[in-house]
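Just follow the structure's listing: the first ligand is 1, and inside any ligand the first atom is 1.
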Amino acid sequence: MVEPSGRRFSFEGRSRTAQPGETLLDSLVRDGLPNLQRSPRYHRPRAPFCGIGQCTGCLVRVNGRPNVRACRYLPLDGDRVVTENAWPSRRFDLLASFDVLFRNGIDTLHGFRRPAFATPLFHRVVRRLAGYGQPPTGESAAALSGPPDVREVDVAIVGAGRSGRAAAAALVAAGVHPLILERRAETPPLPGAVVLAATTATFLPPRTGGPEGTFEMLAYGEPAQGVLVRARRVIAATGSYDASLLFESNDRPGILTGDAALELTRRGRPPPFHRAVLFGSGDRARTLVERLGDHVSAIVAPGEIPPELVSAATQAGIPLYPRSLLRTAQGRTRIRSVTVQSRGQGTPATLECDALLLAHRRLPNGQLFFQAGARMSWRAGTGAYYPVVGEDGATSVPGLWAIGSASAALGAASVGSGERVASALTGGSVPVAPLDRVRPDGPNELEGYYRELLRAPRTGRWIACPCEDVLLGEVEEATRNGYRGIEVVKRYTGLGTGLCQGRYCLPDGLLLLSIAEGRPPTEVGYITQRPPVHPTPLAALAALDASVSAPEGS
Ligand code: FES
């Protein structure tokens, strides 16, 4: 029965209801994991992948506004939601014929140069094929261009996870009332602090005549509200996320990150799958086994499986495949099995499943630090850059602090790092415990894994960048043609230029290029992170104009 407070909206013309606290995606997965998108070049079916507002698998059109993330959007009464990027429908998309016709990829750089008269036609087809959705309707664009809500605060905290909340609570106790910006739609209030939920944050570039010693950020919240934040100090508690993985058909619907599996099953919701193969062996994999129980049908790991996970899996009767390569996924509109192979050329095995959960590697959300120009250091163990921080979490940028897993603090240290920064900001008035657990560094297990995987003969599509449908073969060809370094390869192939801003493709891209170029990942470089690091409607940026306009008298 529908609760009286449930919100009624339509999805592709059919009436649906979202219960209090349910996102659009929560409401849709009650009928199973939906295929909501088509990929931008080959129109391959895509479904939600990350569940945390970072990929492109759940984009829909709401009331004439394109590219709204279903996993972050709380539907309102009367919303009209439709899918996009498919013709005539998401289930049967004629443009998917390009996936079959162009098995080796569409060469959008050199294609159809000759005969010259065919080039304009080729461009028209490619434009029709590419991209995400159609421009917004006039009405929806107008709704987006309202003036931003301007907030001037002493301390802004980006992220309301464990460390962000610990920092906020300690600050409130010391008499400082922070503003918290959190991407989740469902975020509990914190007495003494202002919490803006479903809100992303990005630094605006410093401008001539702008306020001295103050950060300006554009926060963008649902539904359609720009927020201009001016803060003297910013604490970034942006957390970490589960990475993607390269194998054949790695973009199939039903392949989910551990984040997505946890998000979709929060508050006791049943998972939208019955038999999931879990790839990974660390703490994250253990958390998933505990949460999902008999919905996990096998555990595959690139290396050895630690005894704690072995005993949890044995108790639950889950078969284990340690030291194995994940070679390929089968199934077109939904994954139906995966092929794995013991490392060292063992015999391949096919595992039937209706989901594959990736929980092998957690990466820091470091975009804000890059964007602010903070000094970063490479940690080989995770294969990612972290901000260089002092004991109290101060970065190299005055006024910017890093805490929690984005700063390599782990477990209890996440809370400790939040309290520590609050103490530093309030002149030592918050008592702090010693910071005892920081993520240890070590060799990267995935590098050897990829070396072995990529030596084997390959077939099918390997998607290096799912947002832009860039194939692994295109990246390899660029390297063979002499393009070196990630920035150059990005410009040539489009790798890392999609809506996720490289969160999912760059970490693997760095490892691949490091292997292909025969030099360490740190020499392969990194791409420049420019604002906005989260997709933000142009109308919201344009509406900022008056609020950040030129200084008085000009
Ligand atoms: S599933 Fe919503 S953005 Fe990834």
Contacts satisfying salt bridge (charged side-chain N to carboxylate O under 4.0 Å, His left out) that involve residues 79-92 (not counting sequence neighbours) are Glu12-Arg90

Glu22 vs Arg30, side chain to side chain contact (heavy atoms under 4.5 Å, CB included): CA-CA, chis, key distance, verdict: CA-CA 11 Å; Glu22 272 192 341; Arg30 275 195 245 124; 2.6 Å; yes

Under the ring-ring contact (aromatic ring centres under 6.0 Å, His included) test, residues paired with Trp378 that sit two or more places apart: Tyr385

ring-ring contact (aromatic ring centres under 6.0 Å, His included) partners for Phe98, two or more places apart: Phe102

Sub-6.0 Å ring centroid separation between Phe369 and Tyr386: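 For Phe369 and Tyr386, the ring centres are not under 6.0 Å apart.
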
State plainly whether the residues Arg275 and Asp354 are in salt-bridge range, i.e. N to O under 4.0 Å. no

When you check the space around atom 2 (Fe) of ligand 1, which protein N, O or S atoms turn up under 2.8 Å?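 Protein N, O or S atoms closer than 2.8 Å to atom 2 (Fe) of ligand 1: Cys58 SG, Cys71 SG.
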
